[in-house]
Amino acid sequence: IVYEVLSTAMRKYISMLVKQVSQFKKLKYSVENTVDFLAGGIIQVLYNWLSNVDKYDVNQYVEGCVVFTKDLLLSGLFFE
């Protein structure tokens with residue numbers, strides 16, 4: 001149940017983000033495939049953190065995820 005809630009929420013917000021960016025840059029792949037790829041990766045990263053919560057400072061981990069996601073979106077992998 002938790003996975004479904006997290007997955008639905010992630011897909012919703014990532015879809016909004018991808019659609020917003022695609023107004024300015026051409027998307028190389030379908031919105032659905034791009035959202036599924038990004039959501040799956042982000043969900044896995046969250047799972048890793050939850051599984052090892054004592055190993056990481058939450059603020060540093062979140063900041064690292066934000067930077068990584070931004071770098072990934074701006075890398076040219078998804079948008080031309």
Side-chain angles (χ1 to χ4, degrees):
I1 292 174
V2 173
Y3 176 81
E4 284 300 318
V5 171
L6 184 58
S7 178
T8 300
M10 292 303 291
R11 282 178 170 73
K12 175 183 175 182
Y13 291 108
I14 292 170
S15 179
M16 290 170 37
L17 177 63
V18 167
K19 288 176 182 176
Q20 197 171 38
V21 173
S22 68
Q23 292 178 1
F24 304 99
K25 293 186 169 198
K26 184 179 180 204
L27 191 58
K28 290 182 179 180
Y29 311 99
S30 70
V31 171
E32 294 81 14
N33 286 341
T34 304
V35 168
D36 285 347
F37 182 85
L38 290 169
I42 293 170
I43 289 168
Q44 185 61 42
V45 167
L46 289 172
Y47 174 81
N48 288 340
W49 176 70
L50 289 171
S51 297
N52 300 288
V53 72
D54 294 334
K55 288 175 74 174
Y56 305 105
D57 173 73
V58 66
N59 294 323
Q60 288 178 334
Y61 198 81
V62 169
E63 179 61 26
C65 290
V66 168
V67 169
F68 178 77
T69 303
K70 182 180 175 183
D71 287 349
L72 189 59
L73 285 173
L74 298 177
S75 70
L77 181 61
F78 301 105
F79 297 96
E80 294 180 3

same_hphob_cluster(Phe68, Met10) at 4.5 Å side-chain heavy-atom cutoff: yes
Cluster link Trp49 to Val62, ILVMFWY, side chain under 4.5 Å: yes
Connected via hydrophobic side-chain network under 4.5 Å: Val58 and Tyr47: no
Spacing of Asp36 atom CG and Ile43 atom CD1 [to the nearest 0.5 Å]: 9.5 Å
Distance-only polar pair, side chains of Gln44 and Asn48, donor-acceptor under 3.5 Å: yes
Leu38 and Leu73, any side-chain heavy atoms less than 4.5 Å apart: yes
Phe37 atom CZ, over 12 foreign heavy atoms within 6.0 Å: no
Closest non-hydrogen atom pair between Val31 and Ser15, with its separation: CG1-OG, 4.3 Å
Under 3.5 Å: donor-acceptor pair, side chain of Asn52, backbone of Lys55: no
Main-chain N/O of Glu4 paired with Ser7 side-chain donor or acceptor, under 3.5 Å: no
Aromatic ring pairing Tyr29/Phe78, orientation class (parallel under 30°, perpendicular over 60°, tilted between): perpendicular
For Val45 against Tyr61, the heavy-atom pair lying closest together: O-OH, 3.0 Å
Full working for side chain to side chain contact (heavy atoms under 4.5 Å, CB included) between Asn59 and Glu63: CA-CA 6 Å; Asn59 294 323; Glu63 179 61 26; over 6 Å; no
Within 6.0 Å of CD in Gln20, more than 12 heavy atoms from elsewhere: no
Co-membership, hydrophobic cluster, residues Leu72 and Leu27, 4.5 Å side-chain: yes
Heavy-atom closest pair, residues Ala39 and Ile14: CA-CD1, 3.5 Å
Short side-chain to backbone donor-acceptor contact, Lys28 and Gly76, under 3.5 Å: yes
Nearest-0.5 Å distance that lies between atom CG in Leu77 and atom CG in Asp71: 12.0 Å
Residue that, paired with Arg11, satisfies side-chain contact (heavy atoms from CB on, under 4.5 Å) out of Leu6, Val35, Ile42: Val35
